[in-house]
Amino acid sequence: MEALAITLFIFVLAMFVGFEVITKVPPTLHTPLTSGANAVSGITIVGAILSAGLQLTTLTTVLGFLAVVFATINVVGGFLVTHRMLRMFRRK
Amino acid sequence: MEALAITLFIFVLAMFVGFEVITKVPPTLHTPLTSGANAVSGITIVGAILSAGLQLTTLTTVLGFLAVVFATINVVGGFLVTHRMLRMFRRK
Amino acid sequence: MRLALVNLGYLAASVLFILTFKGLSHPRTAVRANLLGSVGMLVAVVATLLLLGRDGATGYAVILGGMAVGGIIGVLLALRIRMTAMPQMVALLNGFGGAASVLVAGAALLEALAMGQVPSAQFTVATVGAGIIGTVTFWGSLVAFAKLEEIIGGRPLMFSGQRALNAALLLGSVLLGGWLVVTPEAAWLYWVIVAAATVLGVTAVLPIGGADMPVVITLLNSYSGLAACATGFVLDNNMLIVAGSLVGASGIILTQIMCRAMNRPIANVLFGGVGAEVVTADDDVYAGRVKSVSADEIAMVLEAARRVVIVPGYGMAVAQAQHAVRDLARLLEGRGVEVEFGIHPVAGRMPGHMNVLLAEADIPYEKVKEMDAINPSFAQTDVAIVIGANDVVNPLARTDPTSPIAGMPILDVDKARTVIVIKRSLSPGFAGIPNPLFAAENTLMYFADGKQAVLDLIDAAKQAA
Amino acid sequence: MRLALVNLGYLAASVLFILTFKGLSHPRTAVRANLLGSVGMLVAVVATLLLLGRDGATGYAVILGGMAVGGIIGVLLALRIRMTAMPQMVALLNGFGGAASVLVAGAALLEALAMGQVPSAQFTVATVGAGIIGTVTFWGSLVAFAKLEEIIGGRPLMFSGQRALNAALLLGSVLLGGWLVVTPEAAWLYWVIVAAATVLGVTAVLPIGGADMPVVITLLNSYSGLAACATGFVLDNNMLIVAGSLVGASGIILTQIMCRAMNRPIANVLFGGVGAEVVTADDDVYAGRVKSVSADEIAMVLEAARRVVIVPGYGMAVAQAQHAVRDLARLLEGRGVEVEFGIHPVAGRMPGHMNVLLAEADIPYEKVKEMDAINPSFAQTDVAIVIGANDVVNPLARTDPTSPIAGMPILDVDKARTVIVIKRSLSPGFAGIPNPLFAAENTLMYFADGKQAVLDLIDAAKQAA
Ligand SMILES: NC(=O)c1ccc[n+]([C@@H]2O[C@H](COP(=O)([O-])OP(=O)(O)OC[C@H]3O[C@@H](n4cnc5c(N)ncnc54)[C@H](OP(=O)(O)O)[C@@H]3O)[C@@H](O)[C@H]2O)c1
Ligand SMILES: NC(=O)c1ccc[n+]([C@@H]2O[C@H](COP(=O)([O-])OP(=O)(O)OC[C@H]3O[C@@H](n4cnc5c(N)ncnc54)[C@H](OP(=O)(O)O)[C@@H]3O)[C@@H](O)[C@H]2O)c1
């Protein structure tokens, strides 16, 4: 199959998985869900690493570096703050 | 990405969708679920059509023809019998 | 352009299949869901014909011929089948799906060779997979069908060395498959593998008891999904993979649910040979304590009842008593009695079996309650009518840890004020064990065929009024 | 071989992300789920480094440097933030994610050109998408952050022609994007698009009121997911698409939930400018009917109570009163009073806001009930203590169809025998409307800062005993 068709397939399937799984998250955990989802959205770090690492031109390297910084803040901050919140949820 | 990696991706995502969606089917509908799933498994009709239509050798054409017959029984019989069952479920 | 359309069609079909399973989550949306599924199949077929057109295929007559033959057979099967024979029907259709997978994978291999290609490892591995799984599905389903239709005996057929033989057959097929992967031009190997898998399919299912066939069928159902997946890997078609995975997941989940409800691990179902020896009714359990009553006596008990729970089992399916049961329920409701139905997850011979029969008799699904919902209400129930159920109401499951059904959750009918049990004799159900419920203080037995018994009861009740 | 490993890594990371969201379905599994997510991220990073190694990259120092800088900032931010400031924190992090998408897409475009490739339409469309969505996310999130931290006023900033300007900016960016797709070698266009999207991000969020920021944040959260998806289309990376879709779905679902709970369509939130005019407390509603009481009087009421429900709102977060509330609950429980917490879906300023604060104060989540679970119990409740909540307990939602909160389901505290409301004044909550609950027959008002009020109450209750 063509590349775009495949990517679309994956997008649609992932959206279904997302909707099914996330509608099961209870309201209690909606704040950690937001910050956790936030952390996951830092996955663009993958693209940032590629740009920073390839060092094709000075400009792309600088852009890549900045992207790595921003994405890392997002990832590290997001998972850590979510962890802080979740650890507080205790049973009786 | 390589072809196999992509196919695996799709397989894994589809399995997740399947598990999430199907665990929500209530016991009342488990018999129609079985027969409906059965009908969907007749999707191999696609491969059967390709073999029957290409007519590459007599043998593959015969195999394709038989496959079309079997798969069509599965599809038509499956959806129809499921429809018969489901139509019976009525509200008060 | 044409290819883009085809791919879009395949994507649309995949989405429709997902929506099919999603819609089955409620009786209200289920009919539409099934229609969506058939539309998805139509889209998939049309897209494939479009794809063929590009390759300048000539075999449209063959295709249409095959679809016509298959379609007619499918319609006849679907319209003729009795609702009580649903397990057999599913088994048969399932087998046909498996057969189609085997033929498609074989044809694809021959085509690749005829076109002078050297099939990739992914291709041959998937071909072998589709061949083995599909063949086992086909023959296993046929044996299951024959057992359920009582063409062959339901009793497990065991002989010594059976497991060793099956293990050898499986290993042999896999090894032959490895050979085929290494030398893909030796297409004849494929048919040897199919032959080995044929023997395996038969000898693997023969030793399983007739009452365990439903588990076998759902398991084979999930196999047919996996076979479709494998075909998808062969043809590099994502839609096949999505559809196959959905079916595979559904089969696996249902198998798990059944095994959990019977409190038996899947290995015990497949290799345990349960149902081999039938323990005859134990005199210690019943001796002198069974109260057999007449229809008139039951009518009197029902006269005083304000809440009645009806618990159907496999015997209701055998007797085809669902319409009579519906009439009884309506008669009671007409007199202001609250009537509900309690369904055990493995009552009957396949999951949801009783629900389909009650739906056939036009009983609204709001009155049909699952085990966990109905159990707390038995203490407030005046009369529990057990019709053709046995194992699913056997209190031994709670009390006797050595019993084959130990630990299986049951319907607590014994908590009702009076229990009326309708069956033909004291003979045991599928598990082959006596049932102390029949000798309980508050139990009245009515020995007769299920349908006739209910009809007699209705007459008696009408006369009493 | 290396590529296969990389792909396997990406697949594993995708599965780990799915399991992250699956595990968030229960507090018991949520901590582990979040850890799984971070492991997934680690796997993804390692796989990418492996991929780079194949291409003989040299920039490991740049990467590690960037990760070190970002990591330190991230840790500091995460450890320093007060739990009450969570909405701001999420906004800020979200903005950074958007910025990263913009930079990555821009760099990828430049790289493709530098390598002399002619980018495909899929590539440039996705680049433009990532650029616009990412930029709007970044600037929108910064404005939301500034409003929540009260760096700029929370009041909606509206000027005439605003919507026309925003529409023009969006249209302009898209047209420029079309131009870039046609002439991909004109990379400068990308930065013009980013500039236009910058203005758009600011002017789109400025006119939205401070209290609506949570909706904006979750919406932007879903945008940052979609931006990641777009980046995935740019880089042809399936893992990015999976992760981005999950985040996108989560944002969309949460936005829907909030809008439904406020009974306002999303368009009204984004373009309605709600919160612009604050209706001052209506004399007709309150005049002479508000009963203000002292801590001692409340202590006496609590003395007689057997069941107390505490309903926190935004004011509890402002006052940071959650620990004091916990102490009050424990004191009451120590006296045999049954204490539960009732949480409205949009209490506070973000979904689940109150739950996090109560969890921070070590209140077990079993005692924290959702609206539908707690509402039927108010009739059997002796005292409902409303602390810093206003709109979510306003009966006008039920009775006044012209009110801005008409139709929003509320917590039925007014059904309790006595209602105690703790807030600083009669001033309205976010919706800017008076609350007849404060003047109800069975309501007692205690005017004070939330935390101090609860501490005083504890003292009074201890003395009374
Ligand atoms: N549902 C599933 O998915 C599934 C799958 C696998 C196994 N199973 C097994 O099947 C069993 C189901 O339990 P169950 O209580 O429904 O059935 P059961 O335990 O098999 O008992 C059925 C009873 O119906 C009676 N009966 C048969 N024909 C009748 C007729 N014409 N009129 C009146 N009664 C008749 C039989 O007694 P008489 O001969 O005395 O009349 C028999 O005792 C369980 O052991 C379960 O584990 C179920
Ligand atoms: N949760 C979400 O996701 C979300 C998202 C968007 C919008 N909203 C909106 O936010 C509102 C939330 O309702 P709510 O009842 O929680 O809050 P609210 O209606 O905004 O009322 C909060 C009350 O807390 C009081 N307060 C403020 N600071 C205080 C302090 N230090 N001590 C004591 N009281 C204090 C205020 O009264 P005083 O000034 O008199 O003290 C105010 O009336 C709803 O209108 C909802 O639609 C929520």
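The sequence lines fix the lettering, A, B, ..., with proteins before strands; numbering per chain opens at 1. Computed from heavy atoms alone, side chains included, the values below leave out hydrogens, waters and symmetry copies.
- For the atom pair CG (L19(D)) and CG (L36(D)), the distance works out to 6.0 Å, reported to the nearest 0.5 Å.
- Per-residue counts of heavy-atom pairs under 4.5 Å with chain D were compared for L66(A), L13(A), V76(A), I22(A); the largest is that of I22(A).
- Of the listed residues (G244(D), A107(D), G248(D)), the greatest number of heavy-atom pairs within a distance under 4.5 Å of chain A belongs to A107(D).
- Looking at L64(D), there are no atoms closer than 4.5 Å to chain A (heavy atoms on both sides), in backbone or side chain.
- The contact between V242(D) and chain A is made by backbone and side chain atoms together, counting heavy-atom distances below 4.5 Å.
- Contact check for F9(A) versus I241(D): no side-chain heavy atoms found under the 4.5 Å cut-off.
- Interface residue S38(D): backbone and side-chain heavy atoms are both found under 4.5 Å from chain A.
- If you tally non-hydrogen atom pairs under 4.5 Å between each of V75(A), I73(A), V12(A) and chain D, the highest count goes to I73(A).
- Heavy-atom distances place both the backbone and the side chain of E111(D) under 4.5 Å from chain A.
- Of the two parts of L254(D), only the side chain, counted from C-beta on, holds a non-hydrogen atom closer than 4.5 Å to a non-hydrogen atom of chain A.
- The closest side-chain heavy-atom distance from I49(A) to L52(D) is below 4.5 Å.
- With a threshold of 4.5 angstrom between heavy atoms, M67(D) approaches chain A through its backbone and through its side chain.
- Atom OH in Y223(D) sits 9.0 Å away from atom CD1 in I252(D) (nearest 0.5 Å).
- With a 4.5 angstrom heavy-atom cutoff, P345(D) does not touch chain A via any of its atoms.
- M88(A) contributes atom CE, which lies 7.5 Å from atom CG of L357(D) (distance to the nearest 0.5 angstrom).
- With chain D as partner, the option from T31(A), L63(A), I10(A), T61(A) having the largest number of non-hydrogen pairs under 4.5 angstrom is T31(A).
- Of the residues considered (A33(D), G40(D), S250(D)), S250(D) shows the highest number of contacts with chain A, using heavy-atom pairs under 4.5 Å.
- When G134(D), G251(D), S101(D), G70(D) are compared by the number of non-hydrogen pairs under 4.5 Å with chain A, G70(D) comes out ahead.
- Interface remark: of the candidates V68(A), V81(A), T72(A), T72(A) forms the most heavy-atom pairs closer than 4.5 Å to chain D.
- At a 4.5 Å heavy-atom cutoff, L109(D) makes no contact with chain A through either its backbone or its side chain.
- Nearest approach of G65(D) to F65(A), heavy atoms of both residues: C-CE1, 3.9 Å.
- Of the atoms belonging to L35(D), it is side-chain heavy atoms, and not backbone ones, that fall under 4.5 Å from chain A.
- Interface residue R80(D): only backbone heavy atoms are found under 4.5 Å from chain A.
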Item to check | Steps toward side-chain contact (heavy atoms from CB on, under 4.5 Å) verdict (I253(D), F19(A)) | outcome: CA-CA 8 Å; I253(D) 291 174; F19(A) 273 94; 3.5 Å; yes
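- Interface residue L77(D): only side-chain heavy atoms are found under 4.5 Å from chain A.
- The residue among A228(D), A68(D), G37(D) with the most heavy atom pairs within less than 4.5 Å of chain A is G37(D).
- For I343(D), no part lies under 4.5 angstrom from a heavy atom of chain A.
- Distance check, rounded to the nearest 0.5 Å: CG of L226(D) to OG of S245(D) gives 8.0 Å.
- Between F233(D) and F11(A), the ring planes are perpendicular. Angles over 60° get that label, and only those under 30° would be called parallel.
- Interface residue L80(A): backbone and side-chain heavy atoms are both found under 4.5 Å from chain D.
- Contact count against chain D (heavy-atom pairs under 4.5 Å) is highest for P27(A) among P27(A), A71(A), G18(A).
- Y10(D) places none of its side-chain heavy atoms less than 4.5 Å from the side chain of N238(D).
- Residue contact with chain D, scored on non-hydrogen atoms closer than 4.5 Å, involves the side chain of L29(A) exclusively.
- When each of V75(D), L49(D), V69(D), L76(D) is checked for heavy-atom pairs under 4.5 Å with chain A, V75(D) comes out on top.
- Heavy-atom distances place the side chain of L59(A), and not its backbone, under 4.5 Å from chain D.
- Interface check for chain A: of the options L246(D), I257(D), I63(D), the most heavy-atom pairs under 4.5 Å are formed by I63(D).
- In this structure the side chain of I363(D) reaches within 4.5 angstrom of the side chain of F341(D), judged on heavy atoms.
- Expressed to the nearest 0.5 Å, how far CG of L219(D) lies from OG1 of T137(D) amounts to 9.0 Å.
- At distances below 3.5 Å, at least one donor-acceptor pair connects side-chain atoms of R84(A) with backbone N or O atoms of A78(D).
- Interface residue Q122(D): only side-chain heavy atoms are found under 4.5 Å from chain A.
- Taking F17(D) as the reference, nothing meets the ring-ring contact (aromatic ring centres under 6.0 Å, His included) condition, with sequence neighbours excluded.
- Atom NZ in K22(D) sits 13.5 Å away from atom CG in L16(D) (nearest 0.5 Å).
- Note on ring orientation: taking the six-membered ring where Trp is involved, the planes of H26(D) and Y365(D) are perpendicular (angle over 60°, cut-offs 30° and 60°).
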For residues 33-48 of chain A, which side-chain N or O atoms pair as donor and acceptor with protein atoms under 3.5 Å away, sequence neighbours left out?
| residue | atom | partner | partner atom | Å |
| --- | --- | --- | --- | --- |
| T34(A) | OG1 | H30(A) | O | 2.7 |
| S35(A) | OG | P32(A) | O | 3.2 |
| S35(A) | OG | T82(A) | OG1 | 2.8 |
| N38(A) | ND2 | V90(D) | O | 3.4 |
| N38(A) | ND2 | N94(D) | OD1 | 3.3 |
| S41(A) | OG | N38(A) | O | 2.7 |
| S41(A) | OG | S224(D) | OG | 3.4 |

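- Interface residue L79(D): backbone and side-chain heavy atoms are both found under 4.5 Å from chain A.
- Residue contact with chain D, scored on non-hydrogen atoms closer than 4.5 Å, involves the side chain of T57(A) exclusively.
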